[in-house]
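The block underneath contains the structure these notes are about, expressed in structure tokens.
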Amino acid sequence: MLVRLPKTVSEAREYLTEGAVPVGGATLVWATWQRDGFPEQAMSLRELPQANVIGPEELGGAVVLSRIDDRIPYVLHAAAKAVGTGAVRRAATVGGNLAGSALRCLLPAALVLEARATVLASHGVYETDLAEVTAKRPLLLGLRWSAPVASAYRKLPGEASGEPPLVVATALHTDTGGHHRLRAAVRHGYDVLTATATCGPDAAHPLDELRETSVADVPDAWDLITEQVTALLAAAPDE
């Protein structure tokens with residue numbers, strides 16, 4: 001197997017057109033290749049600068065989870081820290097987790113950040129939403145979002161042989177007009193549910209809005225949502 005290590009987006013696009021298979025962190029695909037056979041060409045983005053950025057409003061798709069720190073919002077940092085073991089986090093990448101894994105442990109955090117994805121296809125680079133990333137599994141170059149006012153994350157303990165553990169993620173954002181809005185996401189099994197609530201003098205309490213959405217129906221999630229939203233609202237500046 002020939003492993004390609006592009007240093008520019010045009011090189012990565014060329015290798016993708018030639019049929020190179022994205023490696024990601026190889027924590028998932030390696031076992032599949034051992035079972036089904038290795039491709040003729042594979043491609044890692046570990047030397048592509050655009051795929052390795054870490055900042056308050058961006059994160060590269062080739063960044064391994066162990067490198068994610070407090071330069072990015074708490075919710076995404078906490079989600080990365082909660083993935084697997086230290087050995088897994090040193091190998092698993094952001095792109096591999098979101099586009100290559102059925103668990104998608106980073107997805108609730110990315111959704112409450114309202115992240116947009118930059119992806120690479122044979123026809124070029126384009127921006128898309130996370131729904132396309134999880135459905136079509138393109139080559140993820142990175143994520144971008146607007147920094148939230150505050151965010152929160154909780155992952156409950158799970159059983160080794162059971163379904164994925166419950167995850168609750170929330171983030172408080174500021175709108176253009178200065179009002180706040182809350183985003184909530186719940187991973188229940190392999191499904192991720194989201195909801196948005198507005199904040200302001202003329203709006204219902206955010207928890208009342210969220211209570212009318214599907215996230216409130218997930219067993220064991222509502223107490224965590226209430227706890228997180230209460231803390232986020234307490235941390236928010238007055239409107």
Side-chain angles (χ1 to χ4, degrees), residues 1-30 32-33 39-68 71-73 75-77 79-80 83 89 91-148 169 171 173 183 185 187 190-192 194:
M1 181 178 69
L2 176 63
V3 179
R4 301 287 197 175
L5 299 170
K7 293 182 172 61
T8 66
V9 171
S10 14
E11 282 184 349
R13 181 181 175 186
E14 178 185 344
Y15 298 148
L16 196 63
T17 304
E18 292 175 356
V21 180
V23 173
T27 56
L28 295 170
V29 297
W30 196 263
T32 302
W33 290 348
E40 292 184 7
Q41 292 188 65
M43 179 171 63
S44 169
L45 301 183
R46 68 187 184 197
E47 295 187 12
L48 183 65
Q50 294 93 326
N52 285 279
V53 294
I54 304 175
E57 296 187 336
E58 59 183 341
L59 183 63
V63 174
V64 293
L65 304 189
S66 62
R67 289 183 56 212
I68 297 176
R71 285 174 286 179
I72 67 172
V75 65
L76 196 50
H77 180 199
V83 174
R89 291 190 294 274
T93 62
V94 173
N97 185 274
L98 287 172
S101 167
L103 297 176
R104 301 186 180 106
C105 299
L106 302 185
L107 183 58
L111 285 170
V112 299
L113 290 177
E114 301 177 340
R116 297 283 294 174
T118 302
V119 302
L120 176 63
S122 57
H123 60 272
V125 175
Y126 64 98
E127 187 181 271
T128 188
D129 57 26
L130 293 171
E132 179 173 339
V133 171
T134 56
K136 298 184 179 179
R137 301 188 173 189
L139 182 56
L140 180 67
L141 293 179
L143 300 174
R144 290 182 180 274
W145 58 84
S146 295
H173 298 269
R183 288 278 288 166
R187 184 182 72 181
Y190 291 94
D191 297 323
V192 178
T194 61

In terms of heavy-atom contacts, Ile72 and Gly55 come closest through CG2-O, 3.0 Å

When every non-hydrogen atom of Leu113 is compared with those of Trp145, the smallest separation belongs to O-CB, 3.5 Å

- Stepwise side-chain contact (heavy atoms from CB on, under 4.5 Å) test for Leu45 and Leu139: CA-CA 10 Å; Leu45 301 183; Leu139 182 56; 3.8 Å; yes

What one should report as the nearest heavy-atom pair of Ala20 and Met43 is CB-CB, 3.9 Å

All heavy atoms of Arg187 vs all of Pro108, minimum pair found to be CB-CG, 4.0 Å

Ala80 meets the side chain to side chain contact (heavy atoms under 4.5 Å, CB included) criterion, sequence neighbours left out, with Leu65, Ile68, Leu106

The complete set of ring pair (Phe, Tyr, Trp, His ring centres under 6.0 Å) pairs with one or both residues in residues 116-143, sequence neighbours excluded, reads His123-Tyr126

In short, salt bridge (charged side-chain N to carboxylate O under 4.0 Å, His left out) pairs touching residues 105-125 with sequence neighbours left out are Glu114-Arg181, Glu114-Arg183, Arg116-Glu127

Applied to residues 49-64, the side-chain hydrogen bond (donor to acceptor under 3.5 Å, both in side chains) test, sequence neighbours excluded, yields Glu58-Arg144

Contacts of Arg104 meeting side chain to side chain contact (heavy atoms under 4.5 Å, CB included) (sequence neighbours excluded), chain-then-number -> Leu107, Thr134, Arg137

task = Let me see the working for Arg46 and Val23 under side-chain contact (heavy atoms from CB on, under 4.5 Å), right down to the final yes or no.
result = CA-CA 10 Å; Arg46 68 187 184 197; Val23 173; over 6 Å; no

| side-chain contact (heavy atoms from CB on, under 4.5 Å) between Leu141 and Leu48: does it pass, once the steps are laid out? | CA-CA 9 Å; Leu141 293 179; Leu48 183 65; 3.8 Å; yes

Taking every heavy atom of Asp129 against every heavy atom of Glu132, the minimum-distance pair comes out as OD1-N, 3.0 Å

dist Glu40:CD -> Glu18:CD (nearest 0.5 Å) comes out at 11.0 Å

When rounded to the nearest 0.5 Å, the distance separating CD1 of Ile54 from NE2 of His77 is 10.0 Å

Residues Pro56 and Ala147: closest non-hydrogen pair is O-CB, 4.3 Å

Applying side chain to side chain contact (heavy atoms under 4.5 Å, CB included) to Ala110 and not counting sequence neighbours gives Ala115, Leu130, Leu143

CD (Glu14) and CZ (Arg4) are apart, to the nearest 0.5 Å, by 7.5 Å

dist Arg67:CZ -> Arg89:CZ (nearest 0.5 Å) comes out at 15.5 Å

Evaluate Leu2 against Tyr15 for side-chain contact (heavy atoms from CB on, under 4.5 Å), listing each step before the verdict. CA-CA 11 Å; Leu2 176 63; Tyr15 298 148; over 6 Å; no

In this structure, OG1 of Thr8 is separated from CZ of Arg13 (nearest 0.5 Å) by 11.5 Å

